[in-house]
Every structure is written in structure tokens, then in C-alpha cells.
Protein chains: 2
Amino acid sequence: MSTIYEVAALAGVSPATVSRVLNGVNVSAEKSRLVRDAAGKLAFTPNRTARSLRKQSSEVIALVIPDIENPFFTSMARGVEDVAQAAGYSVVLCNTDEDPDKEASYLSIAVSENMAGIILAAASDHVDLAPLLRRGRPVVAVDRGPHGFDLDAVMVDNIAGGREATQALYDQGFSRIACITGPSDVETAQRREHGWRQVVIANGGHDERYLKHANFRVDGGRAAMDELLALETPPDAVFVANNLMSVGALQVLFERGLTTENVGMASFGDLPFSTLAPRGVTIIHLPARHLGVTAARLLIERINGDDQPARTIVLRNEISAPTSVGSA
Amino acid sequence: MSTIYEVAALAGVSPATVSRVLNGVNVSAEKSRLVRDAAGKLAFTPNRTARSLRKQSSEVIALVIPDIENPFFTSMARGVEDVAQAAGYSVVLCNTDEDPDKEASYLSIAVSENMAGIILAAASDHVDLAPLLRRGRPVVAVDRGPHGFDLDAVMVDNIAGGREATQALYDQGFSRIACITGPSDVETAQRREHGWRQVVIANGGHDERYLKHANFRVDGGRAAMDELLALETPPDAVFVANNLMSVGALQVLFERGLTTENVGMASFGDLPFSTLAPRGVTIIHLPARHLGVTAARLLIERINGDDQPARTIVLRNEISAPTSVGSA
DNA sequence: CTTGAACTTGAAATCGATTTCTGGCAATCT
DNA sequence: AGATTGCCAGAAATCGATTTCAAGTTCAAG
């Protein structure tokens, strides 16, 4: 690998001039050509580490997500990537596994690697962003809010979604509606549950035994559904607060020979590869890709020096009723 | 953010000593304590960019994959991450979208960011790894082979898998067996097709119109299935060479009111969230996570200086017959 | 003809760590 | 006692780019 010094030597100019040519600063046409020729001949690629050390910033943005195996987040990642790529940034994906320690570690790496900015779907309520912000690194919160920090955020309306989903189940004729939500210290879990609670209370159907907390994964959905069905008076419908738990809940249903006509279901978030999914499930569709696109746009604006007050953007969810229930 | 110089000043020692304490080199207990105290007081984190510039290497490994939205690859990523994490490395995920240019760009970034090593599921047959290898950066090929380079590789047996899947369809009583495979310049696509071809020829059922190339995604599977069903004499079964295309093919089937009893199906690779998937599909299960784990182990051995000749590890696939067809 | 504004260019400082080189000091061996 | 070995720690060089500073040119205005 060649350095700027070797290019300079071959072109017969100073390293400073080579740097200027590379960065498009005023240089005479002739020297510019000399440098380009030399660089081509040596297959020169500037060392990003050195550049980043000097400039105190790199063209990399970090996307920190809690579960890389959840299609919701990979879809979001795609959105981020497409925007970032077009703006000349590369994206590194950091998977925290909902673990605050892993999250802290990745954030600290982001600082010490001089990354240009961070898009964060926070694992914990208690992230410490102070070191990042002190260094002037822009951070955009996505999916999960900016816990006490003054940040741009891109969200969906979790409470409204929880309400709509629950109401839809009542509208379909169910009356004992349970809720399987995520870990109690995760904001999205709290809010979706909150939406459910509002509606069941309004309908006089509130029963605290119908509320289950689980991890946001398939096995969590399974376990919670098992518990619900084991109750003395099991619910006749369930609002499940994320896509993967819905998969788990459906598995349990089918394994017991039940269908969504016996036990109604509404899922917050599209079932992954949903065309393989059973009909009869009400879905709150989340604009996953669009969340990513929007977050990336905001971040890049901030990187480019925009310093207006922090914005929170709430994207709309769409609800789709099940196709067969009601018609059959 | 504080630097090693500030820590040195506060501790009353030289920067060199601070560095030595951080790296566990011989330093007297007393100075060591002074340095630790000072570092703690300043919340000092070493600047990775500077370290990496000097050491000519970082603790980051790049995982380059063609499709981040494919659960096969994210599952592999999880495997890589777990091993890397435990060994003190962080993993950055690079999504090439099967685009050789994006791939080349990410590989070049990997070099110029001094990354410790690369795990590559190559998009194209014609990757140029020479610059990487010249710099002594270890590269491990995963899922797709090392095209002409002398690399460690971790693979599954694509030809055997194609054969088994096709044979299973014959065994289930189907006779006109089509193949939906990936892009013709992707090695895994070629080999899975090759396995299919061997078996259909052996059974005297070869018909070139039954071979379709598509991209490795859901829409590719849809398009190919549409074309197959539009043939004068459509096939009565299909071997689909990857998981996402199987999803697409199944969609088309169901939309036309057909089932896997009318048109048999075998999928190379688990259907994503397969418990939602229809029964009646023969599956070649791929050890996705294990591929990642193995690749990461090999890579870390190389990073640590192992220089035995290149190894190729082939992991076993398992086939599972459909549960309902044949029993029903 | 002089002055200075505008533009190129190179030398050298800089980013923040690691590492080599070297000197000082104490312990060990003749 | 004198020579040798070994350890510790500071000064300075180093990684490879960018950027500041200052010098040298050219050209137009006064």
C-alpha cells in the first residue's frame, strides 16, 4: 500500500500538494495531472485511519440496534444504509442484543473511532449519551425515544397503535383481550401496553392477569402465550406488541390445534415474510424502512452542521384488518 | 475527551508510561496505580484511531454479506458476532446487495481502516482480494468459495444438497421437477442447480425449460414461479435454491389456490420463521449460525498468526421431509 | 515603477497513540 | 571493587494523512 509521500515523490511535488489534489483544493492543472497519474500508477488509496485521526471525524456512521435477527430492524437498517451510502457514508451495524453493557461498549467505540454520527435504537432507558454529545457527535434516536437527552428522534405512535389494535379486536367481536408486551424497562413495550390498557379499561374488560411481559423474541411470545392459555379463564384474543412475539404466539396456537378464529390476534408490527403468515391476524404495519431513511436524513443534516432545536418525527402506522375473519 | 498526555500530566509520569500501563507492560506498581487513578478521574478512553494508525491494525473485523435482509445471513452474522465479541473484536456488517462495486468499495474501506480481518460471502466471482492479502490481512470465505485465492473457506455442500432435495421430490412421487436457482454468476446458485441437474438427468426427466434463474430474493422467486406455471406443461414440483425465493414461490402457489400437494416443493435453506410456513415443503436445513461461528474462529486464528495452509471446511446439511405430504 | 492582492506551493506542525532508543539505577556475578 | 545484567521510565520518532504558516509568483491597479 502506498502512502501520500510515495505519490508525492513520484509526482515530484510535496505531500501537501497531493493532499490538496485529493481534496479538491486549488492546485494548478499541471501538478494536478502529475499527482493523478502518480496516484493511479501506485494504485494509491488514502489511509482512512490517518485521515480520521487528523480530521477528528470519519465517514462512518454507526447504527446501533437491539436485535439484528429481527426483520423490523434489518429493514430499518436497509433504509439507513441506502441514504447514508448515497451521501458518501458507510454504515456499521452494531447489535446490542438488548444488553446495556454491549450498548455502552459500542457507543464508546463509536466515540473513540471518531464516527461521524450515531443512529440509536436504545436497549436501555439509561443510556449515557453525555460523552458522545460532549464531543459534538450527532445522535438520532430511532424507534425508541431520547431518554432525557435533547436529540432528534424518529418514532411511531406506540400508544395509538396499541389502542387501534385492541379496539380492532373488540370490533371483531372478542371481549377478553390479553396483551403480550416486551420487557418492562423498554419504552416501546410500555407504550404499546399503555394503549391496550386504555382501551380495555374503556370497555370495562381490564384484567391484570391478561398482561404478560416477555422478551421481544419468538420464545418470549411462546412462553407468554402458553401462560395465557393456561389461565382459568383464558383470553379470547391477544394483542401482541411485536412481530417476533406474534410468531411465537401463533406457533403455540397452532400447536394446540387452535386458530385465530378461536383466539383473535393483533400484532404490533408486520409478521416477518407475512405472506407465509396465517390470515386472521390484525396487523399494525410499521414503516420500518422509512424510519431508517428518515433517521439517516436527520443525522446527515446534523453532521453537515444543522443545529436547529431537536425535532421529533412521528411516522404514521397503518392498520390492516384480517382478511378472513369477519368475511368467513 | 482526554488524551494520554493529560493522563500523564495528572499522574506525573510520561505518556509512554501511561501507554505501558494500558497495555500491561512492565511498570512499577506505584506508577501503575498513579496512572490508573488519573485515568479513572479523567474518564479516559484511548483513541482507537490513533492506536490503529500506529499499530497498523484495529480490533474490528468486517463481515461482508450480500443481503442483510435475508435471515440466513443475519443468523450467520449472529454466529460471527458471538465468537468475535468473546475474543475482544467488534464486528462491522457490510451489506453489498450482491453488487460487485459496493463490495469492492467495502473491501477497500476494510484495508484503509486497518481492519484486523475480513469474513466474506462474496457477491461476485471476480473479487480482487490481492490488495488485502498483500497487506497481510486475513480473509475467510464463507458460504461462497474463495475464487481462485488461497483462503480458508467455510461452506455447505451445495451440489449434494441440490441432489438430495431433488431426489426427495422424486421419492415423494413427483416427476416433472423444475429448478429455480440464483443469478448465473453466483457460485452457490450454479452448484445447487448442478445437483438438481444430475438427479433429473439420472431420472430421465431433464427439461431445460424447467430451469429458471432469478435474483436470490422474494420477488425473484415469484417471477420464476409465475413463468414456470405459465409453461405449456408446467412442472409438478420445484426445487428452489434459496430460502427467500421459496417464500416467493409459495406466495404464487397460494395466490393461485394451489398447495404443495399439487406442486411439490423443496427449499435449499430454512424458510424464515418457518413455524409459520406451510407444511409440505422439503427443507435442506443450513447451519447458518454455525457457518458464522466457524468462519469467525478460523479468522481469529489467522489474526493471531496461524499460518498453516488454507483450509476448507464443509459443514453438513440436514434434510427434513415434509410432515403432511406422504402421511396424509 | 511600486504596491499589494490573489494564488500556488512546500516545510513543518498536528492529531493521539505506540515503540524504539537511551540513560539511570539497583541487584548480581567475578 | 568493578563489571555485567536487568528493569524502569522518559525523550523522541513514528504511523499517514491534513492544515497552518510562510515564501515565492504573477498580475493588475495606482
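A note on names: the letters A, B, ... follow the listed sequences, proteins ahead of strands, and every chain is numbered from 1. The analysis underlying the following values was restricted to heavy atoms, covering all of them including side chains, and did not include hydrogens, waters or symmetry mates.
- Phosphate contact (OP1/OP2 of C:dC15, side-chain N/O of A:S52, threshold under 4.0 Å): absent.
- C:dG16 atom P lies 14 Å from atom CG of B:L42, rounded to whole Å.
- Judged by distance alone, with hydrogens and angles left aside, A:R54 brings no side-chain donor or acceptor close enough to the base of C:dG16 to form a pair under 3.5 Å.
- The phosphate of C:dC7 (OP1 or OP2) has no side-chain N or O of A:N26 nearer than 4.0 angstrom.
- Take B:Q308 and apply the side-chain hydrogen bond (donor to acceptor under 3.5 Å, both in side chains) test, not counting sequence neighbours, and it matches B:D306.
- The shortest distance between side-chain heavy atoms of A:T188 and A:M155 does not fall below 4.5 Å.
- Judged purely by atom type and a 3.5 angstrom limit, B:R144 uses its side chain to pair as donor or acceptor with the backbone of B:A122.
- Here the C1' atom of nucleotide D:dA17 and the CD atom of A:E59 are 12 Å apart, to the nearest Å.
- For B:R48 and C:dG16, a side-chain-to-base donor-acceptor distance below 3.5 Å is absent, hydrogens and geometry of angles not being considered.
- Residue A:S19 is in base contact, counting any heavy-atom pair closer than 4.0 Å across all strands shown.
- In this structure, CZ of A:R135 is placed 11 Å from C1' of C:dC15, rounded to the nearest angstrom.
- Donor-acceptor pairing under 3.5 Å, judged by distance alone, is absent between the side chain of A:R51 and the base of D:dT18.
- Checking the phosphate oxygens (OP1, OP2) of C:dT18, a side-chain nitrogen or oxygen of B:N23 falls inside 4.0 Å.
- Between A:E113 atom CD and C:dG16 atom P the separation is 15 Å, expressed in whole Å.
- Counting to the nearest Å, the C1' atom of C:dT18 and the CG atom of B:N114 are 14 Å from each other.
- Each of A:Y5 and B:T17 was assigned the nucleotide of DNA chain D with the nearest heavy atom; the assignment lying further toward the 5' end belongs to B:T17.
- When each of A:V18 and B:K55 is assigned the nucleotide of DNA chain D bearing its nearest heavy atom, the one mapping closer to the 5' terminus is B:K55.
- Here the side chains of B:L291 and B:L286 are not in contact, with every heavy-atom distance at 4.5 Å or above.
- For the pair B:I4 CD1 and C:dT19 C1', the computed distance is 11 Å after rounding to whole Å.
- Within the structure, a side-chain polar atom (N or O) of B:Q56 is placed less than 4.0 Å from OP1 or OP2 of D:dG16.
- A distance of 6.0 Å separates OG1 in B:T74 from CD1 in A:I68, rounded to the nearest 0.5 Å.
- Using a 4.5 Å heavy-atom cutoff, the side chains of A:R20 and A:N26 are not in contact.
- The stretch residues 9-16 of chain A touches DNA chain C through A:V13, A:S14, A:A16, each having a heavy atom within less than 4.0 Å of the strand.
- Distances were taken from every side-chain heavy atom of B:R20 (C-beta onward) to each of D:dG16, C:dG16, D:dG10; the shortest belongs to D:dG10.
- When side chains are defined from C-beta on, B:V314 does not count as touching B:V154, because their heavy atoms never get closer than 4.5 Å.
- Judged purely by atom type and a 3.5 angstrom limit, A:E103 has no side-chain atom pairing as donor or acceptor with the backbone of A:T96.
- The phosphate of D:dG10 (OP1 or OP2) has a side-chain N or O of B:K31 nearer than 4.0 angstrom.
- Distance CG (A:L53) to P (C:dA17): 9 Å, rounded to an integer number of Å.
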